[in-house]
Asker: 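I have a structure I would like to understand better, so I am pasting it below and will then ask my questions one at a time.
Order of appearance sets the numbers: ligands from 1, and atoms from 1 within every ligand. Only this structure's heavy atoms are used, side chains among them; waters, hydrogens and symmetry mates stay out.
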Amino acid sequence: MNISIKTPGDSSVESRYVILPQHANHYGTAFGGVIMSWIDLVAVMVAQRHCGREAVTASIDRIAFITPIHIGDHVILKACVNYVGTTSMEIGVQVTKENPYTGEQTRATTAYLTFVALDQHKIPTKIPELRLTSDNETRRYNNAKLRVQLRRDMLQKLSQPEGRQR
Ligand SMILES: CC(C)(COP(=O)(O)OP(=O)(O)OC[C@H]1O[C@@H](n2cnc3c(N)ncnc32)[C@H](O)[C@@H]1OP(=O)(O)O)[C@@H](O)C(=O)NCCC(=O)NCCS
């Protein structure tokens, strides 16, 4: 089905995991890389649902882990499209840890990922536009727009020959 405009709610994904010993280091806290793989996984599901085709991770912004997550904690990941360009989209992922016995929740990190939709020849291809339906979605869109510009500036700098970088 080819839909030319979608809302963030049309593709949002929420997922929950429990930290088991195989996800943790010898201090009993979660490996950052495990959490990062879960972030990538929920984000790609959102991207696929928004664009209705194959999507690849083009970049992941810096991730700061602001609280340790322990064995036995639940990890809740909420992901949605913040912004769409022509072929790329920014997906935001909020990661919260929850003590399953008390229900106490603490924000662990927020991540921003850029995915690019590919056609059958693996060429970037146009994706559905985004219809914003709430003030919160508009706030996320406007913040994401600033990050998109920063990423473009950074990519441009990185693509310049070394001697020409300032
Ligand atoms: C992502 C990829 C398809 C982009 O291909 P490309 O030929 O550079 O594409 P373009 O220059 O036409 O850019 C396409 C879009 O992606 C965006 N983009 C490209 N590289 C990006 C990056 N590193 N970060 C953020 N956005 C990026 C561009 O701004 C553009 O957005 P727009 O169409 O919405 O304006 C290509 O770099 C690729 O295949 N990378 C490997 C992806 C992968 O394997 N990921 C798995 C993890 S290793």
Asker: Which residue is it: Gln48, Lys122, Gln120? I am looking for the one with a side-chain hydrogen bond (donor to acceptor under 3.5 Å, both in side chains) to Glu54.
Answerer: Lys122
Asker: Do Thr138 and Asn142 have side-chain atoms, one donor and one acceptor, less than 3.5 Å apart?
Answerer: no
Asker: Can you see whether Glu90 engages Asn82 through a side-chain donor-acceptor pair at a distance of less than 3.5 angstrom?
Answerer: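 There is such a pair (donor and acceptor under 3.5 Å, judged by atom type) between the side chains of Glu90 and Asn82.
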Asker: Show, in sequence, the C-alpha distance, side-chain angles and deciding distance for Arg139 and Asn136, and conclude whether the side chain to side chain donor-acceptor pair (under 3.5 Å) test is met.
Answerer: CA-CA 5 Å; Arg139 179 184 56 78; Asn136 222 6; 2.6 Å; yes
Asker: Taking 4.0 angstrom as the limit, do Arg131 and Asp10 come out as a salt bridge?
Answerer: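 Judged by the 4.0 Å cut-off on N to carboxylate O distance, Arg131 and Asp10 do not form a salt bridge.
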Asker: With under 30° as parallel and over 60° as perpendicular, where do the rings of Tyr83 and Tyr141 fit, or are they tilted in between?
Answerer: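 Rings of Tyr83 and Tyr141: tilted, 30 to 60°.
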Asker: Applying a heavy-atom distance cut-off of 4.0 Å, which protein residues contact ligand 1?
Answerer: Val56, Thr57, Ala58, Ser59, Gly85, Thr86, Thr87, Ser88, Thr114, Val116, Leu118, Pro124, Arg152, Leu155
